[in-house]
Number of protein chains: 2
Amino acid sequence: MTAVNNKFDHGHEPWQTRGMKQPVQQRTLKTRARLLAAAEEVVQAQGFEALRVDQVVVRAGVAKGTFFAHFTDKDALMSQLIGARINAALDGIEARPTPRDVDQIVQALLPLMALLTRERYVFDVFLRHSGAALAEEIGPIAETIGRFQEVLERWLDGAPVRRDVSVAVLAEGIQAFLIQVIAMHFCALHSDIDMPTRLDPYLRAWLLPPA
Amino acid sequence: MTAVNNKFDHGHEPWQTRGMKQPVQQRTLKTRARLLAAAEEVVQAQGFEALRVDQVVVRAGVAKGTFFAHFTDKDALMSQLIGARINAALDGIEARPTPRDVDQIVQALLPLMALLTRERYVFDVFLRHSGAALAEEIGPIAETIGRFQEVLERWLDGAPVRRDVSVAVLAEGIQAFLIQVIAMHFCALHSDIDMPTRLDPYLRAWLLPPA
DNA sequence: GCTCAAAAGTGACCGCGGTCAATAACAAAT
DNA sequence: ATTTGTTATTGACCGCGGTCACTTTTGAGC
């Protein structure tokens, strides 16, 4: 289980490099699939925070050590699961018409906010992995952030926003405000206002030139 | 150790409420001081990330249970220690002349950035507590954020920045960008550029009206 | 089929954060 | 000095993430 180390496996390599050494055994794929399915079941039943590796392992019918042969640590599993959900959310977002103004942008971001707001733990994992954890490896969550950036840039390209700043910077700013607003949502003092309402003025001030 | 539960003790109550029930014993203060001193020593020697509760406890000469009678969990201790450092940094920042433009603001923020950049772990703890952890209790770190907000607002009041947005929102935006930039610093892909250089364009775009 | 080296899987074990029933230290009242 | 109710301290214990020396399985070459 070194050739398939998840450090470089983000979940969809056909792995046709059978020339070198030994190929991947089907067993491996099965086991990993079982682990992921088991994890998904647990999350479905009890949420992300309550997930225990032991539980996943027993549901998958493997030993504990096997788990850590497939995922460097529990966070790597979480990154997979949460990354998948973020990707699903982005799919949904991209399937809808391109937002054309600030209001529509805020509306379009709702699914993402809902996802990251559901559990504090999810948001924590997201933050921890948003900066690509440690050098070299880019995890699933970090990938979704790259994708998110691209989506935002595409939106901004065809939207009536300020042009004195590059689209890339504008998009990064949106991400910064999004995170800020979500963090505030978890703050005891500010959890009364709903997030879209809070996000709106930031994006308006950030994207639109002052009158 | 319920009346002095750290949930409500941020480190500097004289606790003159001796009328109700039982007063605080001097023993308590001594023990807490010893724990904090021991923790500080450990951090000094090995950094925040490497700190182990057992080590702190043995250095302080108390039992493990005592630690958790004084701090709800390890993070609470961290919040104290890191909060103290942030406050020290803010003291230094406030002691210097008020920055008058974006460049000076970025410069003034350097100590804070240095603090939060030194250890990834510190930044993680900061993020975790910046939203006041859980309802009701406001921890030391959350307090420093409030203070930081005030400092920023004071700066912006007398600075040549856009006025179409409230000073409060502008200040919160600065915080959002600061966090964004620090997060990027820990990202494998973007760690080559230094932070002031990166922060500058954001703040410029955020604070100054487009030409 | 048989061989054999590499890959996959196992589970006892460890480190560390956190708990709690029991105990000791304290201070006020008698 | 003794009792009494409260507060502070203790340390054995637990849960859970993670490790690793060892066993089992696999499949390419014979």
Side-chain angles (χ1 to χ4, degrees), chain A residues 1-7 9 15 17-35 38-39 42 46 48-79 121 124-125 128 133, chain B residues 1-9 15 17-35 38-39 42 46 48-79 121 124-125 128 133-134:
Chain A
M1 199 63 226
T2 22
V4 196
N5 192 304
N6 72 312
K7 287 193 186 189
D9 178 2
W15 222 256
T17 13
R18 334 195 108 223
M20 265 285 285
K21 286 279 180 187
Q22 219 74 331
V24 159
Q25 306 179 0
Q26 327 74 319
R27 198 167 40 142
T28 307
L29 285 313
K30 275 233 168 138
T31 305
R32 164 163 311 183
R34 289 236 304 284
L35 281 168
V42 173
Q46 309 175 304
F48 285 91
E49 174 140 37
L51 182 141
R52 299 285 168 263
V53 172
D54 284 305
Q55 210 177 346
V56 171
V57 148
V58 69
R59 279 189 98 101
V62 299
K64 209 170 182 179
T66 303
F67 179 95
F68 292 98
H70 287 262
F71 305 94
T72 48
D73 53 19
K74 182 179 164 179
D75 257 29
L77 168 67
M78 287 302 183
S79 182
Y121 175 76
D124 282 340
V125 174
R128 216 177 301 138
Chain B
M1 199 62 225
T2 22
V4 196
N5 193 306
N6 71 313
K7 289 192 187 189
F8 304 99
D9 178 2
W15 223 255
T17 13
R18 331 194 113 227
M20 264 286 284
K21 286 279 176 186
Q22 220 74 331
V24 158
Q25 306 180 2
Q26 327 73 322
R27 196 167 42 142
T28 307
L29 286 313
K30 275 237 167 131
T31 305
R32 164 163 310 184
R34 289 236 305 284
L35 281 168
V42 173
Q46 311 176 304
F48 285 92
E49 173 139 38
L51 182 142
R52 299 283 168 266
V53 171
D54 285 305
Q55 210 177 345
V56 171
V57 148
V58 68
R59 278 190 97 102
V62 300
K64 209 170 182 180
T66 303
F67 179 95
F68 292 98
H70 287 262
F71 304 93
T72 49
D73 53 19
K74 183 179 164 179
D75 258 30
L77 168 67
M78 287 302 181
S79 183
Y121 176 76
D124 281 341
V125 173
R128 217 176 301 139
L134 282 187

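Chain identifiers are assigned alphabetically (A, B, ...) following the order of the sequence lines, protein sequences preceding nucleic acid strands; residue numbering begins at 1 within each chain.
Rounded to whole Å, atom P of dC16(C) lies 13 Å from atom OH of Tyr121(B). Atoms CG (Leu35(B)) and P (dA8(D)) sit 14 Å apart, rounded to a whole Å. Note: CZ (Arg32(B)) to P (dT9(D)) measures 10 Å, nearest angstrom. Distance Lys64(B) NZ to dC14(D) P: 14 Å, rounded to the nearest Å. Residue Lys30(A) contributes atom NZ, which lies 12 Å from atom P of dG9(C) at whole-angstrom precision. For Leu77(A) and dC16(D), the CG to C1' distance is 15 Å, given to the nearest whole Å. Rounded to an integer number of Å, the gap from CZ of Phe68(A) to P of dA21(D) is 17 Å. Put simply, NE2 on His70(B) is 16 Å from P on dG18(C), counting in whole angstrom units.
Counting non-hydrogen atoms under 4.0 angstrom, Gln55(B) reaches nothing in the nucleic acid.
Comparing Gly65(A) and Phe67(B) by the nucleotide of DNA chain D that holds the closest heavy atom to each, the one mapping nearer the 5' end is Phe67(B). If Thr66(B) and Arg27(B) are placed on DNA chain C by their nearest nucleotide, the residue sitting closer to the 5' end is Thr66(B).
Among all heavy-atom pairs drawn from Val57(A) and Val62(A), the shortest one is CG1-O, 2.8 Å.
Remark: Leu35(A) CG to Lys30(A) NZ distance equals 14.0 Å, nearest 0.5 Å. The distance from the CG atom of Asp124(A) to the CZ atom of Arg128(B) is 6.5 Å, given to the nearest 0.5 Å.
Residue Arg52(B) has a polar side-chain atom (N or O) positioned under 4.0 Å from OP1 or OP2 of dC16(C). Phosphate contact (OP1/OP2 of dT26(D), side-chain N/O of Gln26(A), threshold under 4.0 Å): absent. Between Thr31(B) and the phosphate of dT9(D), there is a side-chain N or O to OP1/OP2 separation shorter than 4.0 Å.
Side-chain contact between Thr66(A) and His70(A) is present, with heavy atoms from C-beta onward closer than 4.5 Å.
Judged by distance alone, with hydrogens and angles left aside, the side-chain atoms of Lys74(A) form a donor-acceptor pair with the main-chain N or O of Leu51(A) at under 3.5 Å.
Side-chain to base pairing of Lys74(A) with dG18(D): no donor and acceptor N or O lie closer than 3.5 Å to each other.
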